[in-house]
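Structure first, then comments.
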Amino acid sequence: FDSLPPAHYKETMNTILVWMQQSETKLSMPQVAIAEYEIMEQRLREFKALQSSLQEQQKGLTYLSTTVEDLCRKAPAEVSQSYRSEVELVLGRWKKLSAQLAEHCQRLEERMSKLQRFQNDTRTLKKWMAEVDVFLKEEWPALGDSEALEKQLEQCTGIAFYSVFEPFACPGFEGKIS
């Protein structure tokens with residue numbers, strides 16, 4: 001009986017395996033293009049909650065490793081190897097899951113930042129275009145500092161160029177989360 005793990009070991013193993021399967025399923029769901037910041041925020045909250053859950057499950061994983069090490073000191077070699085292999089498999093999946101989750105969070109945060117910059121640039125450009133439209137529709141165009149107007153035009157042309165072409169210069173900015 002020294003070579004059998006305690007009942008708590010099997011319960012913990014089942015709990016972790018079920019949790020990992022559910023988490024892997026969540027991470028492998030097909031991603032859709034997202035161009036709304038609020039949806040991206042919600043998705044990031046889901047990933048962060050999954051990371052917290054991962055940390056909560058860590059103590060169960062530590063228990064499994066410790067229990068198998070204790071068991072291996074008492075059990076015959078073939079039994080020890082069987083349990084050791086089982087835990088190593090779980091640890092491998094755990095590491096992969098943890099890395100995927102961190103990568104998903106990082107990519108999503110980067111895309112949220114790009115989307116926010118793009119939205120800010122678009123607002124600035126629209127505001128400037130409205131001002132230019134008012135200016136062009138005036139009956140008597142104001143005599144202004146032509147040098148300042150040229151600088152404004154150059155700035156806004158740069159923003160327009162950046163806003164139109166920047167998303168294409170950043171591979172992966174289709175708004176997808178993968």
Side-chain angles (χ1 to χ4, degrees), residues 1-123 162-178:
F1 286 111
D2 282 346
S3 63
L4 292 176
H8 184 62
Y9 172 89
K10 291 181 181 186
E11 292 168 12
T12 304
M13 178 63 81
N14 286 336
T15 300
I16 287 180
L17 288 174
V18 167
W19 182 89
M20 283 195 313
Q21 182 61 49
Q22 291 170 342
S23 298
E24 289 166 343
T25 300
K26 287 178 186 176
L27 288 178
S28 68
M29 286 191 304
Q31 305 302 317
V32 294
I34 299 174
E36 291 184 39
Y37 195 79
E38 293 77 22
I39 294 172
M40 295 171 98
E41 281 181 317
Q42 175 59 34
R43 190 81 173 137
L44 185 60
R45 279 192 296 273
E46 291 169 7
F47 286 153
K48 296 287 185 179
L50 203 53
Q51 279 183 321
S52 294
S53 181
L54 181 95
Q55 290 171 348
E56 290 169 11
Q57 295 293 329
Q58 181 65 48
K59 61 184 168 207
L61 194 65
T62 302
Y63 167 77
L64 292 178
S65 296
T66 306
T67 303
V68 164
E69 287 307 311
D70 291 344
L71 188 66
C72 288
R73 285 190 215 104
K74 303 172 188 170
E78 62 277 355
V79 173
S80 296
Q81 187 56 43
S82 169
Y83 285 113
R84 191 170 277 135
S85 295
E86 180 181 46
V87 167
E88 285 173 6
L89 183 66
V90 169
L91 289 172
R93 280 178 66 189
W94 186 270
K95 278 185 178 180
K96 183 180 175 188
L97 180 64
S98 179
Q100 276 183 315
L101 192 51
E103 185 181 330
H104 276 48
C105 286
Q106 181 183 354
R107 271 198 246 152
L108 183 54
E109 286 169 341
E110 288 169 0
R111 289 183 177 137
M112 288 170 69
S113 176
K114 285 179 183 179
L115 179 60
Q116 201 164 39
R117 279 195 317 266
F118 179 76
Q119 288 173 338
N120 288 340
D121 290 347
T122 302
R123 276 192 292 276
Y162 170 82
S163 295
V164 170
F165 294 105
E166 163 63 8
F168 301 108
C170 297
F173 184 75
E174 299 84 35
K176 293 181 182 171
I177 306 166
S178 48

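Residues take their numbers from the sequence shown, with the count starting at 1.
- With rounding to the nearest 0.5 Å, the separation of CD in Glu24 from CG in Leu101 is 11.5 Å.
- Interatomic distance, NZ of Lys59 versus CG of Leu64, reported as 13.0 Å (0.5 Å rounding).
- Ser53 places no side-chain N or O within donor-acceptor distance of the main-chain N or O of Ala49, the cut-off being under 3.5 Å.
- Ser82 contributes no side-chain N or O that, together with a main-chain N or O of Glu78, makes up a donor-acceptor pair within less than 3.5 Å.
- Checking Gln51 against Gln55 by side-chain atom types alone, no donor-acceptor pair falls below 3.5 Å.
- Between the Ser113 side chain and the Glu109 main chain, no donor and acceptor come within less than 3.5 Å of each other.
- Thr12 and Gly60 make their closest contact through CG2-O, 3.5 Å (heavy atoms, listed as atom of the first residue, atom of the second, distance).
- Asn120 and Arg123 share a donor-acceptor pair across their side chains, judged by distance under 3.5 Å alone.
- Counting heavy atoms from C-beta on, the side chains of Glu69 and Arg73 come closer than 4.5 Å.
- Here the CZ atom belonging to Arg111 is positioned 10.5 Å from the CD atom belonging to Gln106, to the nearest 0.5 angstrom.
- With respect to Tyr9, the side chain to side chain contact (heavy atoms under 4.5 Å, CB included) criterion is satisfied by exactly one of Thr66, Thr67, Asn14: Thr67.
- For Leu54 against Trp94, the heavy-atom pair with the smallest separation is O-CZ2, 3.2 Å.
- Contact between Leu44 and Met112 at its shortest, heavy atoms only, is CD2-SD, 3.8 Å.
- The heavy-atom pair separating Leu17 from Val90 by the smallest distance is CD2-CG2, 3.8 Å.
- Under the salt bridge (Lys or Arg N to Asp or Glu O under 4.0 Å) criterion, Lys96 pairs with no residue at all, not counting sequence neighbours.
- Rounding to the nearest 0.5 Å gives a distance of 10.0 Å between CH2 of Trp19 and CG of Leu61.
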Please lay out, stage by stage, how Tyr63 and Ile16 fare under the test side chain to side chain contact (heavy atoms under 4.5 Å, CB included). CA-CA 11 Å; Tyr63 167 77; Ile16 287 180; over 6 Å; no
Side chain to side chain contact (heavy atoms under 4.5 Å, CB included) for Gln58 and Thr62? Distances and angles first, verdict last. CA-CA 6 Å; Gln58 181 65 48; Thr62 302; 3.6 Å; yes
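- The CD atom of Gln57 sits 13.0 Å away from the OG atom of Ser98 when rounded to the nearest 0.5 Å.
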Does Arg117 form a side chain to side chain contact (heavy atoms under 4.5 Å, CB included) with Lys114? I'd like the steps, not just the answer. CA-CA 5 Å; Arg117 279 195 317 266; Lys114 285 179 183 179; 3.4 Å; yes
Any chance you could lay out the side chain to side chain contact (heavy atoms under 4.5 Å, CB included) test for Ser80 and Leu71, step after step, and finish with the verdict? CA-CA 7 Å; Ser80 296; Leu71 188 66; over 6 Å; no
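- Ion pair Glu46/Arg43 flagged as a salt bridge, since at least one NZ, NE, NH1 or NH2 atom sits closer than 4.0 Å to an Asp/Glu carboxylate oxygen.
- Under the side-chain hydrogen bond (donor to acceptor under 3.5 Å, both in side chains) criterion, Gln81 pairs with Ser85, not counting sequence neighbours.
- Atoms CZ and CD, from Phe47 and Glu103 in turn, are 10.5 Å apart once rounded to the nearest 0.5 Å.
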